[in-house]
Amino acid sequence: MAVVEKELLCKDFLTKDKQLLIDGKWVNAESGKTFETRNPATDQVIGKVAEGSKADVDKAVKAARKAVEEGPWRKMSTAQRAKLMYKLADLVEKNADQLAQLETLDNGKPINESKHIDVPQTIETFRYYGGWATKIEGETINANPNMFTYTLREPVGVVGQIIPWNFPMLMAAWKLGPALACGNAIVLKPAEQTPLTALRIGELVLEAGFPEGVVNIITGFGADSAGSAISNHMDIDKVAFTGEDKTGREIVKASVGNLKRVSLELGGKAPNIVFADADIDAAVKGAITGIFFNQGQVCCAGSRLFLEKSIHDEFMSKLLARVAKMQQGPGMDEKTQIGPQVSKDQQDRILSYIDIAKKEGASVACGGDAPAGDLAKGYFVKPTIFTGVNNDMRIAQEEVFGPVLAVIPFNSVEEVAEQANKITYGLSGAVWTSDVKKAHKLASQIKAGTVWVNCVNMLDPAIPFGGYKMSGYGRELGKHSIDLYTNIKSVWVNLG
Ligand code: NAI
Ligand code: MG
């Protein structure tokens with residue numbers, strides 16, 4: 001680790017007090033409380049962060065309301081708004097390596113992924129929505145010759161955004177990007193496990209020159225704390241949430257007070273379906289990316305691998321050979337392909353699901369516990385694959401959110417389509433086949449917001465993403481986010 005220490009670009013940021021961003025200023029929590037954030041590879045504390053609560057959310061909402069109703073933000077041209085967003089994207093780019101290190105230290109993910117996925121996608125998301133700022137338009141509708149009627153797209157107003165820890169900075173960008181493009185003011189709450197990159201983004205928001213109160217960042221906890229203060233707030237017009245379905249329900253309940261608009265991006269248990277006519281080597285690689293990318297902490301992880309019976313054994317031997325070569329270690333090590341889970345809680349939760357699967361009668365093909373030795377001090381779980389799973393087992397039905405794959409054999413297209421949909425979730429699915437007809441047929445049959453054919457985990461700021469069923473509602477990314485963050489007003493002018 002000595003080499004890494006010497007090159008640590010985020011040292012200054014780590015040693016500073018991490019405060020709340022309210023009304024353009026960094027301030028302590030009203031309570032004066034702080035909480036610790038840890039390096040998942042070592043369990044070491046890497047920073048103390050202000051613990052926001054209701055009083056701080058109230059202050060942030062006041063600042064956001066002022067920014068969106070009276071501040072320079074409301075009066076700015078959309079071109080000026082776009083310019084600020086491009087500036088923010090440039091600043092993220094300028095600080096790319098530092099942000100990548102910060103993300104890896106706080107979340108645990110491999111530095112190669114922070115550098116080549118999280119950071120570039122964050123930049124692209126800000127640029128993509130920077131482009132939208134100048135392209136949001138209303139319509140004129142000639143319904144009645146005596147009336148001139150047109151629509152305006154106005155910002156929703158004050159937006160609360162509650163985000164998870166699996167892609168801390170990228171989730172902040174998915175939320176901030178469209179909300180800013182549409183001219184809203186924001187109260188963002190990062191996950192308590194991973195507050196650091198959002199705070200650094202907050203510094204860059206100020207450096208870019210966004211007016212005070214446009215972006216407010218309240219670090220802290222969820223239930224009975226900053227998170228629920230946001231979802232219950234009577235002066236927040238909309239809440240956007242990504243996280244567990246159970247928490248999503250709490251957010252919907254909390255929204256009824258002022259009937260605020262809600263969009264939810266919740267969990268998944270995605271089917272990854274491989275037919276005998278697929279390019280098997282490509283599908284093996286896809287299965288690995290599908291479940292082990294980001295330590296399996298991905299809402300669209302391909303956690304149910306359906307294998308056509310005739311290729312089951314060949315596929316499994318290739319898959320296991322590749323998994324055996326995967327390098328597990330601290331995220332800061334350049335060679336690491338699979339890092340630690342984000343927290344002790346998540347590690348415990350995953351290990352308990354592994355026990356459940358064993359008790360249900362599934363067979364451990366690899367992994368099945370936490371590594372010993374040097375890695376034992378971090379929150380690691382070995383890449384784990386269960387065979388002999390049937391789709392009704394808990395290991396096939398519940399979101400584990402870890403590097404745990406359930407392999408389920410199948411015989412026919414009809415059977416696999418039915419099994420794939422026999423789940424409460426519907427975020428994504430993947431199909432591997434060389435038969436175009438089969439591919440399109442399944443793409444229409446799978447009840448999910450995204451279907452990948454001969455690929456997995458493809459995401460782009462221009463392509464909509466979101467869930468069917470209990471994976472949530474509302475579509476993020478693409479032009480559909482503009483619907484989430486604008487109100488449509490119809491204006492009637494009597495010409496008679
Ligand atoms: P969570 O959904 O409870 O937390 C996500 C965010 O919501 C955090 O910022 C948290 O502080 C906030 N929050 C929690 N309770 C809240 C409440 N009552 N009101 C308002 N905000 C609240 O997820 P958690 O507990 O960290 O992880 C549990 C499981 O959730 C994971 O094992 C995984 O299965 C799932 N999850 C799914 C994610 C996804 O991307 N779909 C992301 C994170 C977790
Ligand atoms: Mg929770």
Side-chain angles (χ1 to χ4, degrees), residues 37-41 99-100 102-122 125 161-176 188-199 201 219 221-222 227 240-248 251 264-270 289-303 331 336-350 353 378-381 383 398-405 425 427-428 449-450 456-459 465-467 471-472 476-477:
T37 187
R38 287 166 188 267
N39 177 349
L99 284 161
L102 215 45
E103 198 73 318
T104 287
L105 283 173
D106 211 11
N107 166 282
K109 63 178 69 200
I111 188 74
N112 273 317
E113 290 176 10
S114 300
K115 265 190 197 164
H116 301 297
I117 297 170
D118 299 72
V119 172
Q121 294 233 355
T122 297
T125 303
Q161 303 184 319
I162 302 173
I163 57 173
W165 41 259
N166 52 344
F167 295 91
M169 182 167 51
L170 186 56
M171 287 302 107
W174 281 26
K175 296 284 185 275
L176 292 173
L188 175 77
K189 194 198 86 62
E192 55 272 32
Q193 298 85 348
T194 55
L196 296 182
T197 43
L199 293 173
I201 293 282
T219 43
F221 293 86
F241 171 73
T242 299
E244 188 173 21
D245 52 332
K246 201 169 78 190
T247 311
I251 297 214
L264 302 172
E265 200 264 271
L266 308 175
K269 190 80 188 178
T289 308
I291 190 61
F292 299 127
F293 170 55
N294 210 35
Q295 295 65 248
Q297 305 166 139
V298 183
C299 47
C300 53
S303 47
T336 291
Q337 293 169 301
I338 182 156
Q341 308 307 130
V342 74
S343 64
K344 179 84 178 71
D345 281 354
Q346 286 299 310
Q347 183 195 32
D348 289 346
R349 177 186 159 120
I350 296 161
Y353 267 108
Y379 317 135
F380 291 87
V381 176
E398 296 174 25
E399 187 176 50
V400 177
F401 226 61
V404 180
L405 180 63
Y425 296 112
L427 192 60
S428 64
T450 296
V456 286
N457 286 356
M458 295 302 296
L459 289 170
F465 185 78
S471 292
E476 297 192 295
L477 304 185

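Since the structure is predicted, the reported quantities are computational estimates derived from the model, not experimental observations.
- Pro164 has its side chain out of reach of Glu244: every pair of non-hydrogen atoms, C-beta onward, lies at least 4.5 Å apart.
- Partners of Ile291 under the side-chain contact (heavy atoms from CB on, under 4.5 Å) rule, at least two apart in sequence or in another chain, are Ala301, Ser303, Leu405.
- Under the salt bridge (Lys or Arg N to Asp or Glu O under 4.0 Å) criterion, Glu476 pairs with Lys175, not counting sequence neighbours.
- Residues Ile201 and Leu176 are in side-chain contact: their nearest non-hydrogen atoms beyond the backbone lie under 4.5 Å apart.
- Proximity of Lys109 to Pro40: side-chain heavy atoms (C-beta onward) are nowhere separated by under 4.5 Å.
- Minimum interatomic distance between Gln295 and Pro340 (heavy atoms only, all atoms of both residues): CG-O, 3.5 Å.
- The closest side-chain heavy-atom distance from Thr247 to Phe241 is below 4.5 Å.
- Considering CH2 of Trp165 and CD of Gln297, their distance stands at 4.5 Å, rounded to 0.5 Å.
- Distance check, rounded to the nearest 0.5 Å: CG of Leu196 to CG of Leu105 gives 8.5 Å.
- For Asp345, there are no salt bridge (Lys or Arg N to Asp or Glu O under 4.0 Å) partners two or more places apart in sequence or in a different chain.
- With rounding to the nearest 0.5 Å, the separation of CG in Leu188 from CE in Met171 is 12.0 Å.
- A search for side-chain hydrogen bond (donor to acceptor under 3.5 Å, both in side chains) contacts involving Asn166 returns nothing, not counting sequence neighbours.
- Of all non-hydrogen atoms in Ala173 and Thr122, the two that sit nearest each other are CB-CG2, 3.8 Å.
- For the side-chain hydrogen bond (donor to acceptor under 3.5 Å, both in side chains) test, residues two or more places apart in sequence or in another chain that qualify with Thr104 are Ser114.
- For residues 190-199, the set of pairs meeting the salt bridge (Lys or Arg N to Asp or Glu O under 4.0 Å) definition, not counting sequence neighbours, comprises Lys189-Glu192.
- Between Lys269 and Val400 the shortest side-chain heavy-atom distance falls below 4.5 Å.
- Atom-to-atom distance recorded for Ile163:CD1 and Thr242:OG1 is 8.0 Å, nearest 0.5 angstrom.
- Every residue two or more places apart in sequence or in another chain that forms a side-chain contact (heavy atoms from CB on, under 4.5 Å) with Thr197 is listed here: Leu99, Leu102, Glu103, Pro168, Met169.
- Counting all heavy atoms, side chain and backbone alike, Val381 lies closest to Pro403 at O-CG, 3.8 Å.
- Annotation: ring-ring contact (aromatic ring centres under 6.0 Å, His included) contacts of Phe167 (sequence neighbours excluded): Phe293.
- Residues passing the ring-ring contact (aromatic ring centres under 6.0 Å, His included) test with Phe380: none are found, sequence neighbours excluded.
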Decide yes or no on side chain to side chain contact (heavy atoms under 4.5 Å, CB included) for Thr450 and Phe465, but give the supporting numbers first. CA-CA 7 Å; Thr450 296; Phe465 185 78; 3.7 Å; yes
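- To the nearest 0.5 angstrom, His116 atom NE2 is 9.0 Å from Ile111 atom CD1.
- Here Cys300 contributes atom SG and Asn294 contributes atom CG; the two are 10.0 Å apart, rounded to the nearest 0.5 Å.
- Legend: residues meeting side-chain hydrogen bond (donor to acceptor under 3.5 Å, both in side chains) with Thr194, ordered by chain and number and at least two apart, are absent.
- In this structure, Ser471 contributes its side chain and Leu266 its backbone to no donor-acceptor pair below 3.5 Å.
- Shown here are the side-chain hydrogen bond (donor to acceptor under 3.5 Å, both in side chains) partners of Asn112, two or more places apart in sequence or in another chain: there are none.
- Residues Glu399 and Tyr425 bring no donor and acceptor atom of their side chains to less than 3.5 Å of each other.
- Residues meeting the side-chain contact (heavy atoms from CB on, under 4.5 Å) test with Ala270, sequence neighbours left out: Ser428.
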Evaluation steps, side chain to side chain contact (heavy atoms under 4.5 Å, CB included), between Trp174 and Leu459: CA-CA 12 Å; Trp174 281 26; Leu459 289 170; 4.1 Å; yes
